Amino acid sequence: MSRRPIIAGNWKMHNNREESKKLVCAIKDSISTIDKDALPEVVVAPVFTSLDVVSESICNCGCERIKLAAQNCFYEPKGAFTGEISIDMIKDFNAKFIIIGHSERRQIFGESDEMINKKALAIIESGLTPIICCGETLEQRELGVTDSHIASQIVKALDGVKPDDVANVVIAYEPIWAIGTGKTCDSVEANRVIKGIRSTLAQIAGNENAQKVRILYGGSVKPETIKEQMAQSDIDGALVGGASLKADSFVEIIKGAM
Ligand code: 13P
């Protein structure tokens, strides 16, 4: 089964509008001459307030090479939800993906598995693709509960999703202790956990659908680590934080994934 790799940059709460535009244009300039069928699916996730400038820059520069993601959404279509943004509002900017369940949202903003499930269902219903994050803390790893914790996050996030729709979601395995720490998870170990995610997906949606799901690794991905990560059987790309904030390092990661 060949799965098209994804290299996604999660810009987190960085880059104002001008900086966002500069960064996406620099990425586009560096990959504009690469045959687009050879490229992984390249995705950038700016802050909400930069979605319009990044969307315009992508369109002006040739949509096929870079796709837009939002970093979060709310699952209700409209209403009295101060500070939230709906999926349709994100669709206005031609976004294709929405990241949900990032550990920063879970830990800092108290998002529960139930909320993440509601978001997943609403995103799928809208025709966009959720990038569903999961991952264990260092404490959970040391207690030996990594695999059961991740399986539980996946089962809960996908509760009620139709098997055929499961095939189209994207999962990002991001061990929390590897995020922003410079400590990358060993590639063989990341692949082992990701294989476990795929077998959980097979239990939920059947093996054929599970084989189609793209599962990314995230956590201190760097230009120096991507080749070994991509060489693993089940790692289908990367969700990149810090190293996606500089065009040079992000483009090196894109090229490393080719
Ligand atoms: P870093 O690449 O900075 O470790 O961040 C990973 C991440 O959280 C991406 O969503």
Side-chain angles (χ1 to χ4, degrees), residues 5-15 19-20 23-24 27 40-48 50-51 54 66-73 90 95-109 111 116 119-120 123 129-138 140-141 146 149-150 153-154 157 169-187 189-190 193-194 197 214-230 232 235-257:
I6 297 179
I7 298 295
N10 175 7
W11 295 356
K12 307 193 179 183
M13 201 173 74
H14 293 283
N15 296 328
E19 291 160 341
S20 298
L23 178 53
V24 75
I27 296 165
E41 210 165 353
V42 176
V43 179
V44 294
V47 292
F48 287 137
S50 289
L51 281 173
V54 173
I66 303 179
K67 291 188 178 132
L68 186 63
Q71 296 177 18
N72 184 30
C73 65
I90 291 167
K96 299 280 178 272
F97 297 90
I98 304 181
I99 299 170
I100 53 171
H102 193 281
S103 59
E104 287 150 17
R105 302 260 4 135
R106 293 178 192 257
Q107 291 191 320
I108 305 170
F109 302 101
E111 286 195 13
I116 292 156
K119 292 182 184 194
I123 294 168
T129 300
I131 300 178
I132 305 170
C133 302
C134 61
E136 81 286 2
T137 62
L138 186 57
Q140 288 169 322
R141 177 158 281 270
T146 297
H149 173 69
I150 305 281
Q153 285 185 319
I154 297 295
V169 306
V170 176
I171 309 276
Y173 168 55
E174 300 204 307
I176 296 169
W177 49 271
I179 295 178
T181 58
K183 278 191 232 159
T184 318
C185 179
D186 173 74
S187 302
E189 170 58 12
V193 176
I194 286 176
I197 294 173
R214 285 162 316 158
I215 310 180
L216 317 181
Y217 167 77
S220 298
V221 172
K222 304 183 251 310
E224 309 86 73
T225 64
I226 189 70
K227 281 207 162 67
E228 191 186 311
Q229 286 153 344
M230 294 306 294
Q232 306 299 317
I235 301 182
D236 303 317
L239 183 56
V240 187
S244 73
L245 295 173
K246 293 261 180 320
D248 289 355
S249 52
F250 191 58
V251 169
E252 266 189 75
I253 291 171
I254 294 167
K255 289 182 178 165

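All values reported here derive from a predicted model rather than from experimental measurement. One-based numbering, in listed order, for ligands and for the atoms of each.
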At less than 4.0 angstrom from any non-hydrogen atom of [X], what atoms of ligand 1 do you find?
| X | result |
| --- | --- |
| Asn10 | 9 (C), 10 (O) |
| Gly242 | 1 (P), 2 (O), 3 (O) |
| Ser220 | 1 (P), 2 (O), 4 (O) |

- Message: Within this structure, what is the OG1-OH distance for the pair Thr225 and Tyr217, rounded to the nearest 0.5 Å?
- Response: 7.5 Å

- Query: For the atom pair CE (Met13) and CD (Glu104), what is the distance rounded to the nearest 0.5 Å?
  - Reply: 10.5 Å

- Message: Below a 4.0 angstrom heavy-atom separation, can you tell me which part of Leu239, side chain or backbone, both or neither, approaches ligand 1?
- Response: both

- Quick one: does ligand 1 sit under 4.0 Å from the side chain of Ala178, the backbone, both or neither, non-hydrogen atoms only? backbone

- So, Gln140 versus His149: side-chain donor-acceptor pair below 3.5 Å or not? yes

- Does a side-chain N-to-carboxylate-O contact under 4.0 Å join Glu41 and Arg214? yes

State if [X] counts as touching ligand 1 under the rule of any non-hydrogen atom under 4.0 Å.
| X | value |
| --- | --- |
| Gly219 | yes |
| Gly180 | yes |
| Lys12 | yes |

- Identify the closest protein heavy atom to atom 7 (C) of ligand 1: which residue and atom is it, and at what distance? Glu174 OE2, 3.2 Å

- Give the residue and atom name of whichever protein heavy atom lies nearest to atom 2 (O) of ligand 1, and the separation in Å to one decimal. Gly241 N, 2.9 Å

- Got Ile90 and Phe48 here, is their nearest side-chain heavy-atom distance under 4.5 Å? yes

- Query: Is Glu174 reaching over with its side chain to a backbone N or O of Gly135, donor-acceptor style, under 3.5 angstrom?
  - Reply: no

- Item | Glu19 CD: over 12 foreign heavy atoms closer than 6.0 Å | yes

